[in-house]
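Inspection log for the structure reproduced underneath, given as structure tokens.
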Amino acid sequence: MSTRYNARASEPKWQKIWTDQATFKTRDGKDAGGKPKYYMLEMFPYPSGNIHMGHVRNYTLGDVIARFKRARGFNVLHPMGWDAFGMPAENAAIERKIHPAKWTYENIATMRDQLKTMGLAIDWSREFATCDPDYYWHEQELFLDFLAKGLVTRKKSYVNWDPVDNTVLANEQVIDGRGWRSGALVERRELTQWFLKITDMADDLLAGLDTLERWPEKVRLMQKNWIGRSEGARVFFPLTGSDEKLEVFTTRPDTLFGASFCAISPGHPLAVKLAATNPAIDAFLKEAALTGTTEAALEKVEKKGVVSGLTVDHPFIEGHTLPVYIANFVLMDYGTGAIFGCPAHDQRDMDFARKYNLPVIPVVAPNGLGTDEQKSFLDALAVAKEAFTGDGIAVNSGFLNGLDVTAAKRAAIEKLESLNLGTGTVNYRLRDWGISRQRYWGCPIPVIHCKDCGVVPVPHADLPVRLPEDVTFDRPGNPLDHHPTWKHVPCPTCKKPGLRETDTFDTFVDSSWYFARFCSPKATKPTDRAAADYWLPVDQYIGGVEHAILHLLYSRYVTRAMKATGHLGLEEPFDGLFTQGMVTHETYKGEDGRWLYPEEVKLTNGEPVHVETGERVTVGPIESMSKSKRNVINPTAIIDQFGADTARWFILSDSPPERDVQWSEAGAEGAWRFTQRFWRIITGDLDELAPVGTPEPAAFDAPALALRRAAHQTLAAITDDLDNLRFNRAVARVYELANALSTFEPGRDLAAAAWARREAVEFMVLTTAPMMPHLAEECWAALGHTGMVVDAPWPVAVASLLVEDTLTIAVQVNGKRREELIVARDADNKTIEAAALALEKVEKAIDGKAVRKVIVVPGKIINIVV
RNA sequence: GGCCCCUUGGCGAAACCGGUAGACGCAGCAGACUUAAAAUCUGCUUCUCGUAAGGGAGUGCCGGUUCGAGUCCGGCAGGGGCCA
């Protein structure tokens, strides 16, 4: 047997055997032989060009679970695909004159080959890319079904508009108010777009979070905050001297008596109407249009307003009127686009009131203040710059006086409703999901616009609406719109000339149902219900925490929408969710401050220097791998050098998977050394192992029994660790067993030793197989097995070998550990107590004092209190 | 600013229910093997006082609950995340 394990030869060999034998081809439910199903899914990659260490981590974690569950007797679905639409492909088209489809499919081919070198237990026959017409065809079908079911709407909304590139920008493409590509100042522009009415399901999406017990609490909280349910009221302020009313949303109807102004959004219809005749208002609206559309952007901008000239009547105070401002910090699409300002109890309103010299009327006082204290608090607040937003009781508020905030809200709403001037309501921060993108490389929205018939869905028989291939990217805007013929089609209803919708879907639509498509990737409908009902929900989903909100929320929504349209039978797509940490690396800078790649740096006399120039290198902070900081390690190079098993082993070692892991050269070499040590331990003394199939001896001497205990304890621990995704601990257990085998000295009973040794060695191979599958196969074959380890069942630990005959318990005196005591496992408390008190060191620690109390925790500790 | 999370040796970490803090790995040190080196193997490695036996301190800081706190509670500091 060779003393070296040759990963470079072994890994491709086993990968080919797995492929040739279709080892990972998934069986559907009826062919599963009664095995329970397990759907293991990692977030599918964007085909950017090459895999990176984040992919290696993600797919290694998932692969270990897939292989582990397979060995444990589950029928496992573990598929792979590509989130293939999106902007980078169009950028490549613009910059390098390469067609987005060509660029994308070439990248997929490269990355597929790279992933395959990792030895993943994936059923590649289910692979698809979201840019495959067969995939987006079914996405178009889903959309039409959603449309028919009333889940879709078309409405105007504000977008970030780049006036140079003539395109809509996502919020993250706006940097310091400018388009990321053109550098032009971004404008706010109103466009008619398609929306999925996610807000209709806001309450259900919120309630559903409580059922997701196998999701990280953090992610559930983030979604909850994102949905942002708040209870409040709509208040109808009558416009003075008019029949019209200004509708305002507030979460604090209890502070109505403190109102000193109303403010409307620059996009509010009233503001637009006034601008037509008032140049000052018109100018203000134009200025406001230059700021972004996000809440964060609005928060940063200086709060400004302009008087509208209108006033409204206070709903509770007869004859009292409030001025109406147009203010840049009021959002048109949150609530009603109008607020009332209560400066004393809202910081933004306070800032605004101080700027424009508006009254500050305190109407809530903190609880528990005396009369004088309360008066001085209110007097101070009336001239303060800080609003009081805490809990308290209503004052200066007519019929609300004396009520706490909750009761006052209720009373105010009742009164508003009785006056017909308002109503209690629930508001959400969540907005409807705008899915229109003015881009080429996305799924075409399957509708046709007709002058006479309006918006007409493309008939199902005409699907898919394919992207035209002959497009140009030589000018700004949407190539679909520029295409000479594509959009000109007859109206399906009246046959007169119509126009295709040239917008495409947001790529988040593509990734919101791919997990359902994997259940039946070749189906002629979006889903095959039998397959979907069998496989879903995904039992374990793994991906980056950066998708904690949007992707996961959209997927939860689309699953509900697919249920409403009969495509699925469940509401929550992901039963278990795990969010992995990032892969980090040290950063390096040369003397001139430029970033250096790790391979440009070496250590000379313990000092980091540049490999070629010898200049001194500064070691910077450990950060997430990124191209801009050049602290990237190419997985392909690592796999070439050490093999996939080493890369997998390193990525699983040390750091718990939810935490960031630091890639280090020393750590990678350590993992590589262990693969060699593993090989030596397993195959180094093959003639000292009992032959395959040797019956278990009737008895074991002490050394053999100790080895068996170590093996079975390791097995039990690894089983538990993998069940709970504690990969780093599973790795540590393998090391422990390796150490036990290395130091094993047989006793007199050589037959027992040989049998115990084979058992331990086989446990080590079987339990490591999910983590280092190629090495495990090679070892399994070397151990004399004819089948593959991937087909071997997970061994079962023998309960009687998991407990020791004797226990070591700690002896404390006054909570301080003084001595250890070895006792029989079944020793009773009195025996233990007597033995402990007899110990020399214990006697010394007691120092003749009276023993007041003795606490015995069986198997753990005994504490003597004096 | 609000909400949430984290803080353990030189480093990554472990400690599941409150019960012997530091498993396992990295780095380091010593020894064996070797002409030598590499590789490998065997030990040691929280700090501190001590030649040793042995003692003392110790899980960011302050306080509390408890026979007993890394773990629970309150406060503070530092770092991170989400929302603003």
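Since we're looking at a predicted model, the values are computed, not measured. So you know, we letter chains A, B, ... as the sequences are listed, proteins then strands, and number each from 1.
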Would you classify [X] as touching base, sugar-phosphate or nothing, given that sugar-phosphate means primed atoms plus P, OP1 and OP2, and contacts are heavy atoms under 4.0 Å?
X       : answer
R852(A) : nothing
I549(A) : sugar-phosphate
R220(A) : nothing
S653(A) : nothing
R733(A) : nothing
N863(A) : base
I855(A) : base
V865(A) : sugar-phosphate
S664(A) : nothing
N724(A) : nothing
D720(A) : nothing
Q662(A) : nothing

Indicate whether OP1 or OP2 belonging to [N] is found under 4.0 Å from a side-chain N or O atom of [X].
X       : N       : value
N728(A) : rA14(B) : yes
R677(A) : rA39(B) : no
N739(A) : rG25(B) : yes
K816(A) : rA57(B) : yes
R348(A) : rG1(B)  : no
R817(A) : rC67(B) : no
R726(A) : rA13(B) : no

Using atom [atom1] of each nucleotide, how far apart are [N] and [M] to the nearest Å?
N       : M       : atom1 : value
rU46(B) : rG28(B) : C1'   : 15 Å
rC82(B) : rC11(B) : P     : 27 Å
rG63(B) : rA69(B) : P     : 14 Å
rU7(B)  : rA14(B) : C1'   : 16 Å
rA27(B) : rA39(B) : P     : 10 Å
rA57(B) : rG22(B) : C1'   : 16 Å
rG12(B) : rU66(B) : P     : 36 Å
rC5(B)  : rG68(B) : C1'   : 28 Å

request  = Could you tell me whether F388(A) and F377(A) have their ring centroids closer than 6.0 angstrom?
outcome  =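 Under 6.0 Å, so yes.
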
ask   = Within a reach of under 6.0 Å around NZ of K355(A), are more than 12 heavy atoms found that belong to other residues, nucleotides or ligands?
value = yes

ask   = Counting heavy atoms not belonging to R825(A), are there more than 12 under 6.0 Å from its CZ?
value =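 Yes, because the 6.0 Å sphere around CZ of R825(A) holds more than 12 heavy atoms from other groups.
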
Given [options], identify the nucleotide with an atom nearest to the side chain of [X].
X       : options                   : result
Q812(A) : rG54(B), rC26(B), rG19(B) : rG19(B)
D654(A) : rA13(B), rG54(B), rG25(B) : rG25(B)
K844(A) : rA13(B), rG55(B), rA84(B) : rG55(B)
P656(A) : rC41(B), rA14(B), rC26(B) : rA14(B)
L221(A) : rC3(B), rA14(B), rG19(B)  : rC3(B)
R659(A) : rU20(B), rG56(B), rA13(B) : rA13(B)

remark   = The residue, E820(A) or D660(A), whose nearest nucleotide of RNA chain B is more 5′ is D660(A)

key: Nearest-nucleotide comparison on RNA chain B, the residue closer to the 5′ end among V661(A) and W226(A)   = V661(A)

message = Looking at rG19(B), which nucleotide sits across from it as a Watson-Crick or G-U wobble partner, both distances under 3.5 angstrom, or is there none?
response = rC67(B)

inquiry  = To the closest 0.5 Å, what do you measure between CG (L221(A)) and CG (L209(A))?
reply    =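 If we round to the nearest 0.5 Å, L221(A):CG and L209(A):CG are 9.5 Å apart.
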
message = Can you tell me how far apart CZ (F650(A)) and CE (M53(A)) are? Round to the nearest 0.5 Å.
response =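 These two atoms lie 8.5 Å from each other.
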
query = Does the side chain of E833(A) pick up a donor-acceptor pair with the side chain of N829(A) at under 3.5 Å?
reply =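 No, no side-chain donor-acceptor contact under 3.5 Å.
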
query = Syn versus anti for rG58(B), judged by chi lying within 90° of 0?
reply =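 Chi for rG58(B) falls in the anti range.
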
key: rC4(B): syn or anti, per glycosidic angle within 90° of 0   = anti

request  = For residues R556(A) and L212(A), determine if any side-chain heavy atom of one lies less than 4.5 Å from a side-chain heavy atom of the other.
outcome  = yes

task = Please work out which of the three classes, parallel, tilted or perpendicular, describes the rings of F68(A) and W794(A), given edges at 30° and 60°.
result = perpendicular

